[in-house]
There are 2 protein chains.
Amino acid sequence: MLEDNRATADDFEEEAPSTPTNNASTTTTSRLPKGGKTNDAFAELMKPKPKLPAHPREPDKRTQQTRFMGRDGLAAYTTNPASFPRDRVVQYDDDFVVIRDLYPKATIHLLILPRDAEKNIHRGQEAFDDVAFLERCQTKEKEVRDWVAEELRSKFGKVSVSELARRQAMEADAPPANGELPPGRDWEREVISGVHAIPSMNHLHIHVLSRDMMSGWMKKSNHYLSFTTEFLIPLDAFPMDKGDWRRQFGHWSDADMKCWRCGLNLGSGAPGMRRVKAHLKEEFEEWKEE
Amino acid sequence: MLEDNRATADDFEEEAPSTPTNNASTTTTSRLPKGGKTNDAFAELMKPKPKLPAHPREPDKRTQQTRFMGRDGLAAYTTNPASFPRDRVVQYDDDFVVIRDLYPKATIHLLILPRDAEKNIHRGQEAFDDVAFLERCQTKEKEVRDWVAEELRSKFGKVSVSELARRQAMEADAPPANGELPPGRDWEREVISGVHAIPSMNHLHIHVLSRDMMSGWMKKSNHYLSFTTEFLIPLDAFPMDKGDWRRQFGHWSDADMKCWRCGLNLGSGAPGMRRVKAHLKEEFEEWKEE
DNA sequence: TATTCCGATAGTGAC
DNA sequence: GTCACTATCGGAATGAG
Ligand SMILES: Nc1ncnc2c1ncn2[C@@H]1O[C@H](COP(=O)(O)O)[C@@H](O)[C@H]1O
Ligand SMILES: Nc1ncnc2c1ncn2[C@@H]1O[C@H](COP(=O)(O)O)[C@@H](O)[C@H]1O
Ligand SMILES: [Zn+2]
Ligand SMILES: [Zn+2]
């Protein structure tokens with residue numbers, strides 16, 4: 001059973017809301033040397049851009065250690081899950097460890113780590129040729145998807161109109177039995193999962209995350225594309241045909257990013273990513289309230 | 001007659017000599033987040049690289065104003081030379097203003113600015129089609145070259161072995177008349193001059209500078225190449241044939257830089273530029289003492 | 001399609 | 001091939017008391 005440790009991606013603090021003085025008073029910026037003392041007060045107002053800390057609060061020491069293992073940073077979770085605090089290792093058994101992604105790319109972002117050391121050094125494309133192994137992973141994936149769905153409900157249920165009937169029933173004087181509750185919003189539909197066609201981390205991991213893509217860690221176009229294109233391969237694509245093109249996934253050049261919700265093309269590269277961030281912020285508000 | 005205001009490029013302070021502690025103690029550096037408070041003292045030692053001020057001392061206010069005119073920054077000198085202090089405007093008459101380059105690329109670096117507003121908005125390739133105008137410029141150029149040569153003599157004469165006889169004669173009990181002095185080193189040979197094939201500043205200017213290329217403003221490979229290749233066009237190349245290739249000078253890609261003194265190829269780009277700076281520092285010492 | 005730091009590279013504006 | 005600022009890109013390293 002998955003515990004309910006609700007420290008998630010939106011702990012990442014977005015840029016501090018700018019005071020009126022900050023962006024109202026002066027819209028132009030000088031490119032010339034800050035010069036003598038006349039400009040000092042002036043320059044004071046100009047954006048040194050405080051440069052956000054990597055993590056809002058630094059993670060625990062044990063988790064920090066994993067960051068120094070580079071691309072092998074997931075190994076320690078699989079070999080010694082008990083050494084991690086429960087807000088990072090959400091659940092584990094002999095076969096799997098479920099962790100919170102240390103750099104979540106959505107409001108909720110978990111990773112399922114298979115522990116079998118023979119299997120977990122391969123990509124999904126190879127590891128999932130073993131159908132028995134695959135099926136265990138699929139079962140776990142389903143379980144975690146459900147859990148993420150519940151996490152979404154508890155996080156956004158109170159602003160979601162689809163939850164209204166269920167909410168009212170629960171708050172009624174005589175709440176119905178659990179099975180009798182109105183189902184509310186189908187949050188499982190808002191969960192995506194799968195493996196990356198070209199993982200960067202060396203140990204097999206299945207992403208399970210909310211589809212909102214709202215996180216301070218969602219910084220680069222690669223990040224966005226990796227969860228919104230065929231680069232994210234769902235587990236029902238396995239076992240994969242020997243000739244399937246995703247076994248030799250090519251590197252993408254600089255593909256356009258499309259809004260996951262409305263399909264709007266937001267362009268590519270860093271400029272596109274700025275548009276994505278701005279656009280998703282608005283979509284997010286609507287999406288929560290569906 | 002040119003005044004003798006000896007505030008020159010080597011006022012630019014080179015980087016402070018690094019203390020032994022600075023580069024000896026630790027050669028490895030971590031690329032991972034500085035993390036908790038344990039690292040603070042450690043990180044303290046690591047190179048924040050103080051980032052030199054643009055100018056050693058900020059220039060006078062009037063001269064600072066020219067920097068806010070971008071590529072038109074030379075115009076004010078030609079229209080109102082009297083408004084500048086004499087350490088910036090070295091000399092002027094109805095036809096020319098001679099200034100110190102605000103970002104000198106050599107120990108001595110002057111600019112000759114023709115004042116004729118009909119002429120000075122064109123590149124040399126066009127302006128010097130007017131032969132009468134060209135000849136006035138060439139006369140002035142010669143005068144300024146001689147002046148720079150004298151400036152070099154007074155700056156480096158006392159360490160130059162070629163100056164020895166002259167120096168001794170001058171310090172003798174009965175110094176000979178001026179015309180009778182031993183000539184000493186031919187410093188005019190150490191002066192280069194001309195116009196850039198593709199100027200960045202909009203008003204016609206003739207560079208007259210010592211060939212040492214020693215200056216804190218000599219930062220980018222473009223800077224170096226612009227004074228050590230055919231990009232610097234001497235005035236005797238004018239008037240230029242209609243079909244001369246320098247009338248449509250192409251952009252250079254990333255040409256190798258060669259030591260102006262020994263011809264050594266020092267490579268291209270920023271790495272090459274670092275080698276140039278290091279190599280020239282040694283050449284400079286020898287060159288002064290020739 | 002790990003993160004972080006650093007340095008090199010581009011693109012803009014110039015009060 | 002202005003300068004100065006900023007953002008972007010590209011590689012290297014991946015604690016250590
Ligand atoms: N030390 C770590 N602990 C937990 N998650 C990590 C760590 N390092 C990287 N990650 C996450 O692992 C995922 C690897 O993605 P990928 O290899 O592209 O499938 C990314 O979502 C990272 O945020
Ligand atoms: N405001 C300024 N005052 C004096 N010299 C300047 C100013 N701005 C740029 N320069 C110099 O003008 C020269 C222009 O070079 P170029 O246009 O390439 O021939 C460079 O050597 C600059 O250092
Ligand atoms: Zn949209
Ligand atoms: Zn040399």
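Below, chains carry the letters A, B, ... as their sequence lines are ordered, and counting in each starts from 1. Fair warning: this is a prediction, and the values are worked out from it, not measured in the lab.
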Interface with DNA chain C, restricted to residues 245-252 of chain A and to heavy atoms under 4.0 Å: A/H251, A/W252
Please state whether the base of C/dT3 and the side chain of A/R67 form at least one donor-acceptor pair under 3.5 Å? no
Among A/M257, A/K220, A/E230, find the residue that satisfies the side chain to side chain contact (heavy atoms under 4.5 Å, CB included) test when tested with A/L225. A/M257
NA contact type, B/Y224, heavy-atom cut-off 4.0 Å: base, sugar-phosphate, or nothing? nothing
For the pair A/F238 and A/F128, name the ring-plane relationship: parallel under 30°, tilted 30 to 60°, perpendicular over 60°. perpendicular
Considering only C/dA8, D/dT2, D/dA4, which nucleotide approaches the side chain of B/A270 most closely? C/dA8
Side chain to side chain contact (heavy atoms under 4.5 Å, CB included), paired with A/E141, selected from A/V195, A/L235, A/D236: A/L235
Whole-Å distance between D/dG1 C1' and B/I206 CD1? 18 Å
Nearest to the B/K220 side chain among D/dG1, D/dT2, C/dT3, which nucleotide is it? D/dT2
Report the distance from atom NE2 of B/H109 to atom C1' of D/dT2, rounded to the nearest whole Å. 11 Å
At under 4.0 Å, does any side-chain N or O of A/S200 touch on OP1 or OP2 of C/dA2? yes
Qualifying salt bridge (Lys or Arg N to Asp or Glu O under 4.0 Å) pairs with a residue from residues 191-206 of chain A, counting only residues at least two apart or across chains: none
How does DNA chain C look in dot-bracket notation if pairs are Watson-Crick or G-U with both distances under 3.5 Å, crossing ones as [ ], other-strand ones as |? .|||||||||||||.
Do the side-chain N or O atoms of B/H205 get closer than 4.0 angstrom to the phosphate oxygens (OP1, OP2) of D/dT2? no
Need one value for A/R123: base, sugar-phosphate or nothing, where a base atom within 4.0 Å counts as base even if backbone is also close, heavy atoms only. nothing
B/L102 CG to D/dC3 C1': how many Å, rounded? 9 Å
Between B/K105 (NZ) and D/dT2 (C1'), how many Å, whole number? 7 Å
Spacing of B/I233 atom CD1 relative to D/dG1 atom P, expressed in whole Å: 13 Å
In this structure, how many angstroms lie between the C1' atom of D/dT8 and the CE atom of A/M273, rounded? 14 Å
Residue pairs, two or more places apart or on separate chains, that pass salt bridge (Lys or Arg N to Asp or Glu O under 4.0 Å) and touch residues 196-214 of chain A: A/E190-A/R211
Please classify the nucleic acid contact of A/Y103 as base, sugar-phosphate, or nothing, using heavy-atom distances under 4.0 Å. sugar-phosphate
With under 30° as parallel and over 60° as perpendicular, where do the rings of B/F227 and B/H207 fit, or are they tilted in between? perpendicular
If the P atom of D/dG17 is compared with that of C/dA2, how far apart are they to the nearest Å? 28 Å
For A/R115, give me all partners under salt bridge (Lys or Arg N to Asp or Glu O under 4.0 Å), at least two apart in sequence or on another chain. none
From D/dT14, D/dG1, C/dA14, pick the nucleotide closest to the side chain of A/F68? D/dT14
Rounded to whole angstrom units, what separation is found between the NZ atom of A/K219 and the P atom of D/dA7? 14 Å
Of the listed nucleotides (D/dA7, D/dG1, C/dT3), which one gets closest to any side-chain atom of A/R274? D/dA7
Does A/K61 have a side-chain nitrogen or oxygen under 4.0 Å from the phosphate oxygens OP1 or OP2 of D/dG17? no
Salt-bridge present (B/D60, B/R62; N to O < 4.0 Å): no
For residues 69-78 of chain A, dump all side-chain donor-acceptor pairs below 3.5 Å to protein atoms at least two apart in sequence or in another chain.
unit_1 : atom_1 : unit_2 : atom_2 : d
A/R71  : NE     : A/S200 : O      : 3.2
A/D72  : OD1    : A/N202 : ND2    : 2.8
A/T78  : OG1    : A/A75  : O      : 2.7

Rounded to whole Å, the CZ-P distance (B/R71 to D/dA4) equals 14 Å
Could you tell me how the ring of B/W217 sits relative to the ring of B/Y103: parallel (under 30°), tilted (30 to 60°) or perpendicular (over 60°)? perpendicular
